[in-house]
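All ligand and atom numbering here is 1-based and tracks the order in the structure.
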Amino acid sequence: MPPVLEVRDVEFSYPDGTRALQSLSLGFARGRRTALLGRNGAGKSTLFALLNGIERPGRGEVHFDGAPVAYDRGSLRQLRRSVGVVFQDPDTQLFSASIREDISFGPVNLGLPRGEIQQRVEAALAAVGLTALAERPTHALSYGEKKRACIAGVLAMDPRVLILDEPTAGLDPPMAAELMILLNALHERGITVILATHDVDFAFAWADDLCVLQEGTLAFHAAADDFSAVAEHFPGLGLELPWVYEVFGELWRKGAIDGETPPRTRAELLARLR
Ligand code: ADP
């Protein structure tokens, strides 16, 4: 099966000449959870802008569902319905008076029948746990609630791929844990989820696949289950190792823990110690 989204030998430079991506080929498999890592400026946001057609590559191709993206209005509309992006700063994404109005915006724009709009909005509100706050003005929400409202706005478009830029930035640990539960529920529904994060612990615990970008190129793309094969590259890429992985390694070298497969979460690590 072809990847649901793919970039092939893509190059992208901004108008001021900054080259953000070069010779980048990368596919996102259908139904997988992918975490994109890399230092600031590595090209993660630029890649996301290419994946939903906000930007167009200078060279190379973007493929959706096995076919190259066409850049006419209709095709872009279709692409953006299917590939939803949640940006890092919720204040740039929320613009309507109330949460409900904000979430309705996309489906209304699609020209959907009233009943379906209502149904989608209610489902999106429920998915992110904001039903009780639906009429609340968007400016009167906490940061975490704003982030969830943004996710709901994208969900109401019924996307096949959900892309999130730094979704855990600014969230406290319980909120990040809730976000993980939400993303997993969406993944269970068959949505392909791709996110960029600086939180290697979150990435390691949550993702099926880990991709690392470095200066606009792909450093590696590996299954999280095969992390041991790529872990040695992390420090050289300016990334810390997930703490669970590091602690497991120390315990394993001391003969204090059994098994070869590193646990991915705190709970798994503790369970293995007992
Ligand atoms: P990341 O999301 O990994 O932090 P970005 O995709 O934002 O990386 O940036 C990749 C490169 O493109 C960096 O060198 C950055 O400075 C540059 N860049 C990003 N946006 C612009 C822009 N609008 N104009 C010029 N250069 C930009």
Q: Check whether the side chains of Asp89 and Thr92 place a donor and an acceptor atom closer than 3.5 Å, and report yes or no.
A: no

Q. Heavy atoms of the protein only: does one fall short of 4.0 Å from atom 16 (O) of ligand 1?
A. no

Q: Below 4.0 angstrom from a heavy atom of Arg39, which ligand 1 atoms are there? Numbered from 1 as shown, please.
A: 3 (O)

Q: Enumerate the atoms of ligand 1 whose separation from the nearest heavy atom of Ala42 is less than 4.0 angstrom.
A: 1 (P), 3 (O), 8 (O)

(Q) Can you classify the ring geometry of Phe220 versus His233 as parallel (below 30°), tilted (30 to 60°) or perpendicular (above 60°)? (A) tilted

Q: Look only at the side chain of Asp102 and the backbone of Ala97, and say whether a donor-acceptor pair between them is shorter than 3.5 Å.
A: no

(Q) Can you confirm, on distance only, whether ligand 1 has an N/O atom lying under 3.5 Å from any N/O atom belonging to Thr46? (A) yes

Q. Does any N or O atom in Gly41 lie less than 3.5 angstrom from one in ligand 1, N or O only?
A. yes

Q.
Quick check on Gly38 - does any of its heavy atoms sit under 4.0 Å from an atom of ligand 1?
A. no

Q.
Any carboxylate oxygen within less than 4.0 angstrom of a Lys/Arg side-chain nitrogen, looking at Lys147 and Asp91?
A. no

Q.
How far is atom 19 (C) of ligand 1 from the closest protein heavy atom, and which atom is that?
A. Tyr14 CE1, 3.4 Å

Q) Which protein non-hydrogen atom lies closest to atom 8 (O) of ligand 1, naming both residue and atom, and how far is it? A) Gly43 N, 3.1 Å

**Q.** Phe48 ring center within less than 6.0 Å of Phe87 ring center
**A.** no

Q) Are Phe234 and Phe227 near enough that their ring centres are under 6.0 Å apart? A) yes

(Q) Is the contact between Thr18 and ligand 1 made by the side chain, the backbone, both, or neither, using heavy atoms and a 4.0 Å cut-off? (A) side chain

Q.
Using side-chain heavy atoms (C-beta onward) and a distance below 4.5 Å, is Thr261 in contact with Phe248?
A. no

(Q) Using heavy-atom distances only, which candidate in Leu47, Leu50, Asp16, Asn40 approaches atom 25 (C) of ligand 1 most closely? (A) Asp16

